[in-house]
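Heads up, the thing below is written out as structure tokens.
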Amino acid sequence: MKRLSLKPNLLTVNTLLSALVKYPSTNCSIMCRELFNDAVRLGVKLNTNTFSILMKAYCIELKFDDAIGLLKTMGEFGCEPDNVSYNTILDGLSKKGRLNQVRDLLADMKGRGLVPNRHTYNILVYGYCKMGWLKDAAKILELMTQNNVLPDVWTYNVLVNGFCGDGKIEEAFKLLEEIEGLKLFPDIVTYNTLINAFLEKKRSLDAFELLEQMKLKGVKPNNSTYNIILKWYCREGKMDEACDNIKRMEEGGFSPDSVTYNTLINGFCRAGKLDVAFRVMNEMTGKGMKPDAVTLNTVLRIFCVERKHDEAYELLNSARKKGYIVDEVSYGTLIAGYCKDENVEKAMKIWDEMKQKGVIPTVLTYNTIIGGLCKSGKTAEAINKLNELLESGLVPDQITYNTIIHGYCWAGNIEKAFQFHNKMVEHSFKPDIYTCNILLRGLCREMMLEKAMKLFNTWISRGKIIDAVTYNTLISALCKDGKLDDAMALVSDMEEKKLGPDIYTCNAVLGALAEAGRTKEAEDIILKVVETGSVHEGTVLSQKGKLQDPPTVESAENSDSGSVVYSEQIIEFCAQKKYIEAMQLLKELTAKGATVNRSTYMTLMNGLIKRKKGTMKVDKM
DNA sequence: CTAGGGTTAG
């Protein structure tokens with residue numbers, strides 16, 4: 001078109017821009033900007049929508065300053081921002097928890113005489129919920145009513161999700177009554193949110209009951225319903241039932257989407273079944289669904305788990321060149337991987353690269369690097385990162401603070417841990433069960449057992465929530481200190497509260513019990529642990545009297561040396577980008593009943609992500 | 001707006 005010197009019209013420009021934004025790839029905003037510049041050069045008269053779409057592009061890449069800048073510059077083109085323009089940026093900011101900027105922009109919006117509409121309010125409710133500021137979120141609802149903008153199901157769904165995310169399912173249900181009072185009806189999103197919340201809280205019975213209730217009320221499940229249940233099966237490691245769920249999904253007339261496939265791939269990866277994970281990934285591509293950013297990040301994670309960090313790094317870079325969205329999650333995955341490998345230097349290097357590429361970290365990304373720095377004893381640098389986080393306008397969360405408190409404990413600086421904790425409490429930080437357990441463990445490490453017990457008793461008398469970790473921390477410390485009777489008293493205590501004993505309790509007390517010749521008690525506790533089902537079948541007792549998990553798939557796989565030659569051949573094909581040959585060989589091998597090692601499957605997954613158009617078809621494996 | 005990928009305690 002450009003070559004023919006034809007002038008595109010406004011509709012063409014906006015349609016193209018929308019398409020770029022709808023299916024975003026790397027450098028989405030740069031491509032949009034180029035298109036925009038071309039349009040300007042060709043003298044196309046642009047409208048407000050053009051700018052709003054461009055803003056959306058910037059928001060996708062978290063370039064909020066550029067997006068906000070457009071609000072001013074669009075005036076030079078004779079365009080004025082409208083509600084859509086503001087809502088677009090507000091939505092982007094709100095989703096990433098940048099509430100300070102939301103506030104400023106909202107003031108700016110009102111200053112222009114624009115009136116927030118329902119969408120604007122819904123965005124605010126979402127933002128507050130995401131931050132866990134539920135009271136503020138509820139206040140927005142009041143504000144809406146005052147301003148004659150009535151909340152809709154959407155508003156309530158956001159709020160329901162907020163309450164669920166905070167673990168307040170019962171309060172979320174109260175909202176349902178409120179919805180019905182307004183003659184609105186809970187829809188499939190409402191139900192999906194609640195079912196998901198039950199499953200996350202391990203209340204599967206409630207979840208399935210609600211599912212039935214939902215059907216009775218005539219609300220039909222959708223793809224997401226099945227995906228939510230699928231996720232639960234995967235998390236529980238019930239991969240057979242996960243597959244049954246897919247069958248039911250298809251029987252119900254739904255087809256697996258990319259979320260379904262990514263959930264399954266992740267599930268099989270976590271279960272150590274890389275061969276099946278690869279097969280699913282291949283099936284996904286066969287059905288015309290390309291591996292996407294989530295698939296990429298899943299594969300990056302499994303590479304890191306398998307300690308192939310450098311391969312993961314290489315994959316990240318080549319995926320970016322192939323147009324994948326490489327986001328803060330991708331970089332965060334690698335950063336976490338290197339941190340676990342005790343290579344913070346490399347993790348920091350990747351952090352810098354991420355920044356240099358214009359990928360903006362979220363709180364979670366910060367938490368990852370802060371945790372890594374803490375674990376390697378670099379608490380001062382961790383604090384630097386915390387300050388950087390604050391300067392960037394983000395708000396630290398529970399995990400940020402807990403990580404730093406843990407960092408001080410890890411460094412043996414229990415005083416500083418408490419100091420930091422106290423200072424944060426003054427700044428409205430609410431210690432949770434993690435905080436308590438971290439501090440308790442810190443005291444135990446420093447042989448301040450008495451102080452730990454004192455703290456523990458204060459919590460009990462104040463009715464604070466304690467859990468199995470709390471008990472196990474103390475029990476383990478008491479055993480190491482030779483106070484077996486005190487430890488056993490806590491064991492019965494935790495049993496009374498139905499918090500255990502579990503496998504950690506066992507590991508803590510069995511050695512001491514055996515040494516004291518108290519075999520009867522040792523047998524008792526093992527029996528209880530098995531009864532409560534907190535140990536999966538196949539757990540074996542080693543000679544030292546400690547419970548151990550059965551040998552992992554990994555060690556079993558390492559012994560399949562028979563097909564090493566073929567594995568190497570497949571890997572070689574992949575290296576030469578001869579994926580078709582690689583797949584052919586794999587097919588032949590599987591037909592013969594031979595197996596290849598996990599490394600080979602990882603190389604094949606790598607190939608699926610990187611390949612351009614060449615097919616990697618394999619029929620039945 | 002909900003669903004899939006990366007972070008905290010024993």
Side-chain angles (χ1 to χ4, degrees), chain A residues 91 95 119 122-123 125-126 129 152-162 164-165 187-197 199 222-232 234 256-267 269 292-302 304 325 327-337 339-340 361-372 374-375 397-407 409 432-442 444 467-477 500 502-505 507-508:
Chain A
D91 187 49
K95 277 192 181 130
H119 192 176
N122 286 346
I123 290 167
V125 175
Y126 183 90
C129 283
D152 57 2
V153 182
W154 203 303
T155 323
Y156 275 100
N157 283 344
V158 175
L159 208 56
V160 165
N161 186 44
C164 288
D187 62 5
I188 184 63
V189 175
T190 328
Y191 282 108
N192 281 348
T193 308
L194 289 165
I195 291 170
N196 184 45
L199 292 176
N222 63 5
N223 254 24
S224 297
T225 320
Y226 286 99
N227 286 341
I228 288 165
I229 294 166
L230 177 68
K231 177 182 68 169
W232 178 69
C234 286
D257 57 14
S258 60
V259 174
T260 321
Y261 279 110
N262 283 330
T263 310
L264 259 185
I265 293 167
N266 191 34
C269 279
D292 61 11
V294 176
T295 330
L296 168 67
N297 291 340
T298 306
V299 173
L300 287 178
R301 201 194 73 91
I302 194 66
C304 287
I325 294 186
D327 59 9
E328 81 282 2
V329 179
S330 326
Y331 281 101
T333 306
L334 250 84
I335 290 168
C339 286
K340 274 199 193 107
T362 65
V363 174
L364 213 143
T365 331
Y366 270 102
N367 288 345
T368 309
I369 193 75
I370 287 174
C374 283
K375 264 184 200 134
D397 62 10
Q398 284 299 128
I399 295 180
T400 323
Y401 292 123
N402 285 340
T403 305
I404 287 179
I405 293 169
H406 190 210
C409 290
D432 59 11
I433 186 86
Y434 282 87
T435 325
C436 298
N437 290 336
I438 289 166
L439 286 170
L440 205 62
R441 167 77 222 235
C444 291
D467 63 4
V469 179
T470 323
Y471 275 104
N472 290 333
T473 305
L474 281 173
I475 289 167
S476 155
D502 63 13
I503 186 159
Y504 289 94
T505 327
N507 281 337

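Order of the sequence lines fixes the chain letters, A, B, ..., with proteins taken first and strands second; residue numbering starts at 1 for each chain. Quick note: numbers below take in every heavy atom, side chains included, and nothing from hydrogens, waters or symmetry partners. The model shown is predicted, which means the values in this text are computed figures rather than measured ones.
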**Asked** Looking at the side chain of Val329(A), which of dG6(B), dT7(B), dT2(B) is the nearest nucleotide?
**Response** dG6(B)
**Message:** Between Thr505(A) and Asp502(A), do the side chains contain a donor N or O and an acceptor N or O under 3.5 Å apart?
**Reply:** yes
**Asked** Reckon Asn266(A) touches a base, only the sugar-phosphate, or nothing at all at heavy-atom distances under 4.0 Å?
**Response** sugar-phosphate
**Request:** Report yes if a side-chain nitrogen or oxygen of Lys231(A) is closer than 4.0 Å to either non-bridging phosphate oxygen (OP1 or OP2) of dA3(B); otherwise report no.
**Result:** no
**Request:** Among the candidates dG6(B), dT2(B), dA3(B), find the nucleotide nearest to the side-chain atoms of Asp257(A).
**Result:** dA3(B)
**Message:** What contact category does Gln398(A) fall into here, base, sugar-phosphate, or nothing, at under 4.0 angstrom with non-hydrogen atoms?
**Reply:** nothing
**Prompt:** Which part of the nucleic acid does Ser224(A) contact within heavy-atom distance under 4.0 Å: base, sugar-phosphate only, or nothing?
**Reply:** base
**Message:** Considering every strand and a 4.0 Å limit on heavy-atom distances, what is the contact class for Asp187(A): base, sugar-phosphate, or nothing?
**Reply:** nothing
**Request:** Look at all strands and tell whether Tyr434(A) reaches a base, only sugar-phosphate, or nothing, counting heavy atoms closer than 4.0 Å.
**Result:** base
**Message:** Classify Ile228(A) by what it touches in the nucleic acid, base, sugar-phosphate, or nothing, heavy-atom distance under 4.0 Å.
**Reply:** sugar-phosphate
**Asked** Heavy-atom distance under 4.5 Å between the side chains of Ser330(A) and Leu300(A), does that happen here?
**Response** yes
**Asked** What nucleotide, of dA9(B), dC1(B), dG4(B), holds the atom closest to the side chain of Val189(A)?
**Response** dC1(B)
**Message:** As a test of understanding, state which of Asn196(A), Val189(A), Ile188(A) forms a side chain to side chain contact (heavy atoms under 4.5 Å, CB included) with Asn192(A).
**Reply:** Ile188(A)
**Request:** Please work out if Thr155(A) contacts a base, only the sugar-phosphate, or nothing of the nucleic acid, heavy-atom cut-off 4.0 Å.
**Result:** nothing
**Message:** Using a heavy-atom cut-off of 4.0 Å across all strands, would you classify Ser258(A) as base, sugar-phosphate, or nothing?
**Reply:** base
**Message:** With no hydrogens and no angle check, just 3.5 Å: does a side-chain donor-acceptor pair link Thr470(A) and Thr473(A)?
**Reply:** no
**Message:** Using a 4.0 Å heavy-atom cut-off, does Asn222(A) contact any base of the nucleic acid, only the sugar-phosphate backbone, or nothing at all?
**Reply:** nothing
**Asked** For the side chain of Asn367(A) and the base of dG6(B), is some donor closer than 3.5 Å to an acceptor across the two?
**Response** no
**Message:** Does Thr362(A) reach a base, just sugar-phosphate, or nothing at all? Heavy atoms under 4.0 Å.
**Reply:** base
**Message:** Let's test your reading of the model: under 3.5 Å, does the base of dG6(B) pair with the side chain of Thr368(A) as donor and acceptor?
**Reply:** no
**Request:** Measure the distance from CD1 on Ile325(A) to P on dG6(B) and round it to the nearest whole Å.
**Result:** 17 Å
**Asked** Which nucleotide in the set dC1(B), dG4(B), dT7(B) lies at the smallest distance from any side-chain heavy atom of Lys95(A)?
**Response** dC1(B)
**Prompt:** Under 4.0 angstrom, heavy atoms only, what part of the nucleic acid is Asp467(A) near: base, sugar-phosphate, or nothing?
**Reply:** base
**Message:** Any donor-acceptor pair under 3.5 Å linking the side-chain atoms of Asn227(A) with those of Ser224(A)?
**Reply:** no
**Prompt:** Which nucleotide sits closest to the side chain of Thr333(A): dT2(B), dT7(B), dG6(B)?
**Reply:** dG6(B)
